[in-house]
Structures are given as C-alpha cells and as structure tokens.
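Below is one structure; the comments refer to it alone.
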Amino acid sequence: MGVDYYKILQVDRNAKDDDLKKAYRKLAMKWHPDKNPKNKKEAEAKFKEISEAYDVLSDPQKRVVYDQYGEEGLKGQVPPHGAGGFSGGYDGGSSTTFRFNPRSADDIFSEFFGFTSPFGGMGDMGGSRSGASGFSRGMFGDDIFASFRGGAGEGSGSMPRKGAAIERTLPCNLEDLYKGTTKKMKISRDVIDACGRPNTMEEILTIEIKPGWKKGTKITFPEKGNEQRGVIPADLVFIIDEKPHSTFKREGNDLLVTQKVSLVEALTGYTAQVTTLDGRNLTVPVNTIISPTYEEVVKGEGMPIPKDSSKRGNLRIKFNLKFPSRLTSEQKTGIKRLLTSS
C-alpha cells in the first residue's frame, strides 16, 4: 500500500475542490515549520507530506491516475499515457517509464497564500528563505507566523484577519429542549468563485438540538460567513434561547410547576396531577401538611442532563394556597377549637 493522500488531508474520496482547499489551508497553517520552531524537523516532514497530497488531489489528471493506480502508479509504475504531471522517456529503448514531478511545498504555499487570500499583502513568498528549513518568509524576511507566538498586537499586518463571529438567536420551546429535535435553517451568503467573482449562495443548515440543552448553548458552523478577499470567513454561531412555558419553569436541570390548593386540601391532603413535557400523566399524592413554602419533589422527572442522558433533574411542585375570603363566627370558633385541641 502506498501513501493515502486522502487520509493525510483528512478528507473523504469524494472531496470537492473546496473541501481540499479548506483542508490544505488548515493543515498547512498548523504544520508550517515557521509556526513550529521547537519541532521543526517533524513539521517540515508533515508540511511536505500535506503539500504533496494537495498537489496530487487538486490536479484532476493526477488524481485520476492516483485513484486508479495509487502512489505507486504516480511514482514508478506505468499509468495511462499522457497523464498530467508526468514526464515520459524511454528506458532501455523499448519500455516507457513515467516520473512524477512533485511541486515544491514552498511553491504550493506561495501560490495558495502569497498573491490572493489570505496573505495578499505579504509580497512574494517564493523569494527569501527562512534559514536552513527552506521555507518562505515575507518580503521583509519577517516570520509570517510571528503573530501566533508574539501576541495579538504583533504581526497583525502579515496575518489574515478572520471576520467577527456572526451570532444569531435560536428560539426553542421547552418541549424541544426536553425531548431534543432537529431544526433546519436557510442561510444566504456571498462566496468567491474560482474566477474571483462574488456570488450569492443559499444553503440549508441542519441543527441537532440535544435533550437537556440550556439557554446560551452555542452551535458553531465554522467559516459560514461571507467570503471576501484577504479575510477568513466568519463563523456562524446560533445561540439557544428558551421560550417561556405556560406550565413549567426551568431552574438548572429541575422543572418547577405551581398548583393552587385550598386551605382544606393543604391541611387534609392533596393529590397533584401533572402532565409532563413528553405527554405522560403523573399522579403525585401529597400526604403532608402543605405550608406556603413547601415543595413536593419528584425525583428524576426534570430535564435531561446533557452529559449523561440516563440522568434527569427533579420535578418540584410548589403550591399556591387559597385562603377563604371570610369566615363566620361559628367557623372561626370551630377552627380554633380543632387547632387548639391538637
């Protein structure tokens, strides 16, 4: 088995051109030797490997040969005559051999970042070299990754800026957050085509709401903002907001519900009937005297706990005592007699 270029770029075999570009951008920035001064030898090897994988998979002709014959077909065995990226010659006068001519990792990086986005203002990266590593620096010899190491204020002119995150509220009712659900969001954004022209693209995003998520939970879609030259697209962030519920109030992982009870029921016993957020009917007998601050707790009938779906918070039943608006003299005497005798 030869080298798996798809695995190196962390893409599947059906990856499109945009997928390859995103993968290369991410990995090249991560493994560039100038960004890894303490581990330069490994970074150089990784960087060259990533560059070679992108060089092959981004070239339609080379990719066809690689998909059919693998790395061996590219680098030694006989692929179809005239495949791109190969030079033909005669070895021994009769058999044709093909030699894969990989492009320099520096050249690929320079072509990708040096003249368009995201390093449009840096000058020719193919010029001066960064010491023994052989990897490119900017037109003034500055390390293009200096801002990663030197803090937010340094190197800001040589690094691409990323657009500020775009945040949007995602209203959810309590039933959605209790049971979980899937929401579809249609977005429209500007993208730059292969010719550098802006176009509007519509896209449907799928958001999986997990049971137990809380208000303020963020769902991030990386780089789904508008594309423009010299700027890395902003992340699109949806923030969960919880709609008020007519029956329940949420406190952490607990659910609170309030029921009205008469003074007689508070003193002699009461049975609470509660319909849960998933439609079940709970019958909760309350056999103790209900004071104004009393809560009946039903364990495990609250909100799901996201980190452990087998556990739930509690259902807490509060009570609103209804006192009589007036009592007759006989009623007052009777109540006093009953309460004092006990």
Side-chain angles (χ1 to χ4, degrees), residues 167-186 206-219 237-342:
E167 296 187 345
R168 293 290 182 267
T169 299
L170 183 62
C172 298
N173 58 43
L174 203 51
E175 285 84 357
D176 290 339
L177 299 176
Y178 183 87
K179 295 181 287 186
T181 190
T182 300
K183 291 184 177 289
K184 304 282 189 181
M185 303 295 291
K186 184 177 181 180
T206 300
I207 303 174
E208 298 289 342
I209 308 295
K210 303 297 183 183
W213 274 5
K214 298 178 181 178
K215 179 178 180 177
T217 299
K218 294 183 177 182
I219 308 101
V237 182
F238 291 97
I239 304 175
I240 298 291
D241 191 23
E242 184 180 299
K243 297 179 183 177
H245 197 271
S246 59
T247 302
F248 295 98
K249 181 181 178 182
R250 182 177 185 175
E251 284 191 1
N253 295 317
D254 291 348
L255 287 173
L256 276 64
V257 63
T258 300
Q259 296 204 345
K260 292 182 179 180
V261 294
S262 68
L263 184 57
V264 172
E265 291 170 322
L267 296 174
T268 62
Y270 173 74
T271 299
Q273 301 289 339
V274 180
T275 301
T276 63
L277 289 169
D278 57 356
R280 292 175 293 116
N281 294 314
L282 299 180
T283 299
V284 184
V286 183
N287 297 316
T288 188
I289 292 176
I290 299 173
S291 68
T293 58
Y294 177 77
E295 286 186 4
E296 182 74 14
V297 178
V298 185
K299 292 188 177 297
E301 288 293 348
M303 294 293 292
I305 297 175
K307 293 182 179 179
D308 187 350
S309 58
S310 65
K311 295 182 180 180
R312 293 176 180 269
N314 298 325
L315 172 64
R316 293 156 48 195
I317 305 174
K318 293 187 172 187
F319 300 94
N320 183 4
L321 274 58
K322 295 185 294 183
F323 287 84
S325 58
R326 63 184 182 82
L327 293 172
T328 64
S329 299
E330 292 80 4
Q331 289 171 324
K332 291 177 182 180
T333 301
I335 291 172
K336 186 180 291 186
R337 184 174 62 251
L338 289 170
L339 293 178
T340 53
S341 64
S342 61

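By convention here, the first residue in the shown sequence is residue 1.
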I'd like to check Val274 versus Val298 (side-chain heavy atoms, cut-off strictly below 4.5 Å). Are they in contact? no

For residues Pro304 and Asn253, report the shortest heavy-atom separation together with the two atoms involved. O-OD1, 4.1 Å

Taking all atoms of both residues into account, what is the closest heavy-atom pair of Pro306 and Trp213, and its distance? CG-N, 4.1 Å

In Å, rounded to the nearest 0.5 Å, how long is the span from CD of Glu301 to CZ of Arg280? 4.0 Å

Close side-chain approach of Lys249 and Leu255, heavy atoms under 4.5 Å: no

Whether over 12 other heavy atoms sit under 6.0 Å from Ile289 CD1: no

Which value, rounded to the nearest 0.5 Å, describes the distance between Asn314 atom CG and Glu296 atom CD? 11.5 Å

When you compare the side chain of Lys243 with that of Pro171, does any pair of heavy atoms fall below 4.5 Å? yes

When rounded to the nearest 0.5 angstrom, what is the spacing between CG in Leu277 and CG in Leu174? 5.0 Å

With the side chain counted from C-beta on, respond yes when Leu321 and Val261 share a heavy-atom pair under 4.5 Å apart, and no when they do not. yes

If you define the side chain from C-beta out and look only at heavy atoms, does anything of Lys214 sit under 4.5 Å from Arg250? yes

Any side-chain heavy atom of Ile240 within less than 4.5 Å of one from Leu177? yes

Ring-plane angle category for Phe319 and Tyr270, please: parallel below 30°, perpendicular beyond 60°, tilted otherwise. perpendicular

Once rounded to the nearest 0.5 Å, what's the spacing between atom NZ of Lys179 and atom CD1 of Ile209? 14.0 Å

If you take all heavy atoms of Phe238 and Met185, which pair is closest and at what distance? CE2-CE, 3.9 Å

Chi angles and distances behind the side chain to side chain contact (heavy atoms under 4.5 Å, CB included) call for Lys184, Thr206: CA-CA 5 Å; Lys184 304 282 189 181; Thr206 300; 3.0 Å; yes

Which residue pairs pass the salt bridge (Lys or Arg N to Asp or Glu O under 4.0 Å) test when at least one of the two sits in residues 251-264, sequence neighbours left out? Glu251-Arg316, Asp254-Arg316

Roughly how far, to the nearest 0.5 Å, is the OG1 atom of Thr247 from the CG atom of Leu256? 12.5 Å

Side-chain contact test, heavy atoms from C-beta onward, threshold under 4.5 Å: evaluate it for Val257 versus Lys318 and give yes or no. no

Hey, are the side chains of Pro324 and Gln331 touching, using non-hydrogen atoms and a 4.5 Å cut-off? no

Leu315 and Thr276: CA distance, side-chain angles, deciding distance, side chain to side chain contact (heavy atoms under 4.5 Å, CB included) verdict: CA-CA 9 Å; Leu315 172 64; Thr276 63; 5.8 Å; no

Could you report the tightest heavy-atom contact between Gly300 and Arg312, atom names first, then the distance? O-CD, 3.5 Å

Could you walk me through whether Lys218 and Glu167 pass the salt bridge (Lys or Arg N to Asp or Glu O under 4.0 Å) check? CA-CA 9 Å; Lys218 294 183 177 182; Glu167 296 187 345; 3.6 Å; yes

To the nearest 0.5 Å, what is the distance between CG on Leu170 and CD1 on Ile219? 6.0 Å

